[in-house]
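Okay, structure first, notes after.
Since the structure is predicted, the reported quantities are computational estimates derived from the model, not experimental observations. The residues of the chain are indexed from 1 along the displayed sequence.
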Amino acid sequence: MGRTLLAFALPTLGSNILQSLNGSINAIWVGRYLGEGALAATSNANIIMFLTFGAVFGFGMAATILVGQSFGRHDLEGARRAFGSAVGLVLGGAIVIAALGWVFAPEILHLLATPGDAMPLALAYLRVIFLGLPASMMMVLLMMGLRGTGDSMTPLWFMLLSAILDSGLNPLLIAGIGPFPQMGIAGSAMATLVASHVSLLGLIIYIYKRDLPLRLRGNELRYLIPERALTGTIVRKGLPMGAQMLVMSTAGLAMVGLVNRLGVDTAAAYAVSQQLWTYIQMPALAIGAAVSSMAAQNIGAGRWDRVGDITKYGLLFNVALTGAMVGVVILFDRSVMTLFIGAASPALPIARHIQLIASWNFILFGMTMVLFSTVRANGAVIAPLIALIVALYPVRIGFALLAKPWLGADSLWWSFPLGSLTTLAIAAWYYRYGNWRKGALVVPDEGEEQAHGMSEPGGRLQPTG
């Protein structure tokens, strides 16, 4: 069981790393060719995309759980029906969002208070990104669905294809190198659009060529028309998971606001720390995704003994892998940080201080991720959302504000491990004593008005940290 979990998690970890590296490389191209104003423009547009993708993440996770449980009970038709409804729902929504986003892009950027100098660049970039939104959303959904069937290698290969195309086309389309037109910042967005469509088309061809479980043929294509009962289940379970993205975004913006009040050096140090944290948390995210998919399949098969083993190995692997990442970052922090800021920068000692206090909290974050990935695999979604709100606001933000007179800036950094300790304690309690094990999500028979499945379990849940 441990080897299976690790074999599933490592390709997912690779996909996460590729996605982050792709974003970093594209930011380098934009900054180097077009300057700080263009980089600020892409940052503003990416905030909007992050919030938009929150809905896809939620619906994709809900569909993955339904697919996983159906797959575990050998109900292939149920898995295809659930995934078909998710595809129809997300594709229809993505087209509407893309059209509205194109029309109202100026108003959206004004709401974000985009700086005037960056506004024309941000508008050009954002409108092209909206054009590619349906393909990008479908790519994410297909990859999540494949992981629900236990296949994490196929998403890795097509994420690699997308990253190569995107990062490779960026400088060509920005600067107009060779036969390519010079498009400026719109070229960066166009590179993403082309990479998304080519990768999506390639993935669809591969799914049908290999006759993978989620392919739909002939009469099965009717599953793409969302069924009322299945849509209700996906929305009911997906919206709370998507809302977690919004909660994390707003809490992150609140923390940035507190940090900015401490001066430019501290703000720069925190920005460097966030760059490192992006990579530190990747093992936890990959292991959590693997635990969720494997747990859903075994819940569907009625193998609750395996669910416990999956959770146990997930906790062990998280401590080992995330702990190793934290150790490496702390040991070599100066060398890594000087990639972002100069060796003589006054922000460097501040950033190193932040790492010593806060970076180990991601070990706790990963343990919480494993526990809640397990309970979400049986449809528990409302309680984790409520717990996330509690931990990020009253605990983390509250401590950062209330302890500042005594601890100064350190109150912000200590709020991270405090929030994670709180959420881990609640997660462990709920995993042990909560009634999340009751019932299972079942794809209803065609024509049924309501899905049979577990309602949200009672008890308190908690956030990730």
Side-chain angles (χ1 to χ4, degrees), residues 1 4-5 8-9 57-75 78-79 81-83 85-86 144-145 147-150 229-230 232-244 287-315 318 367-388 423-424 426-444 450-464:
M1 188 64 68
T4 302
L5 180 64
F8 189 96
F57 170 81
F59 296 146
M61 278 299 299
T64 298
I65 292 169
L66 283 166
V67 168
Q69 290 204 13
S70 298
F71 212 69
R73 64 175 66 93
H74 304 292
D75 181 10
R81 286 177 51 219
F83 192 68
S85 286
M144 295 179 77
R147 292 188 185 112
T149 67
L230 270 171
T233 300
I234 292 170
V235 171
R236 189 168 62 252
K237 300 298 182 183
L239 283 179
M241 287 189 278
Q244 293 178 38
I287 292 169
V291 166
S292 182
S293 295
M294 290 181 64
Q297 287 193 21
N298 282 280
I299 289 171
R303 293 299 304 269
W304 285 96
D305 55 323
R306 290 183 177 178
V307 174
D309 286 341
I310 291 166
T311 306
K312 177 184 70 176
Y313 282 112
L315 292 170
N318 169 73
M367 296 174 70
T368 302
M369 177 73 79
V370 169
L371 294 172
F372 276 107
S373 293
T374 301
V375 302
R376 287 190 189 102
N378 205 29
V381 292
I382 297 295
L385 172 61
I386 295 173
L388 186 63
T423 56
L424 178 59
I426 301 172
W429 175 86
Y430 186 79
Y431 177 82
R432 176 66 179 83
Y433 299 106
N435 63 352
W436 60 273
R437 295 173 179 83
K438 294 183 178 178
L441 287 174
V442 179
V443 176
Q450 296 183 358
H452 300 299
M454 189 189 81
S455 60
E456 174 63 19
R460 297 171 55 195
L461 285 212
Q462 117 305 315
T464 43

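For the pair G60 and M144, the tightest heavy-atom approach, listed with the atom from each and the gap, is C-CE, 3.5 Å. Residue L5 comes nearest to A290 through the heavy atom pair CD1-CB, 3.6 Å, listed as atom of the first residue, atom of the second, then distance. Of all the heavy atoms in A79 and V67, the pair that sits closest is O-CG2, 3.7 Å. Nearest heavy atoms, G145 versus T64: N-OG1, 4.1 Å. Residues M367 and N318 share a closest heavy-atom pair of N-ND2, 3.2 Å. For the residue pair S70 and G78, the shortest heavy atom distance occurs at OG-C, 3.9 Å.
The distance from the CG atom of L239 to the CD1 atom of I234 is 11.0 Å, given to the nearest 0.5 Å. Between S292 atom OG and F8 atom CZ the span is 9.0 Å, to the nearest 0.5 Å. One finds the CZ atom of R81 at 10.5 Å from the CG atom of L66 (value rounded to the nearest 0.5 Å). Separating the CZ atom in R306 from the OG1 atom in T4 is a distance of 9.0 Å, to the nearest 0.5 Å. To the nearest 0.5 angstrom, R376 atom CZ is 7.0 Å from M369 atom CE. Put simply, CE on M1 and CE on M294 are 5.0 Å apart, with the number rounded to the nearest 0.5 Å.
W304 has its side chain out of reach of N298: every pair of non-hydrogen atoms, C-beta onward, lies at least 4.5 Å apart. The side-chain heavy atoms of L424 and L371, taken from C-beta on, include a pair separated by under 4.5 Å. Using a 4.5 Å heavy-atom threshold, the side chains of Q297 and I310 count as separate.
Under 3.5 Å, the side chains of Q69 and D75 contain no donor-acceptor pair of N or O atoms.
With sequence neighbours left out, the side chain to side chain contact (heavy atoms under 4.5 Å, CB included) criterion links T374 to V291, V307, T311, Y431, W436.
No donor-acceptor pair closer than 3.5 Å links the side chain of K237 to the backbone N or O of A62.
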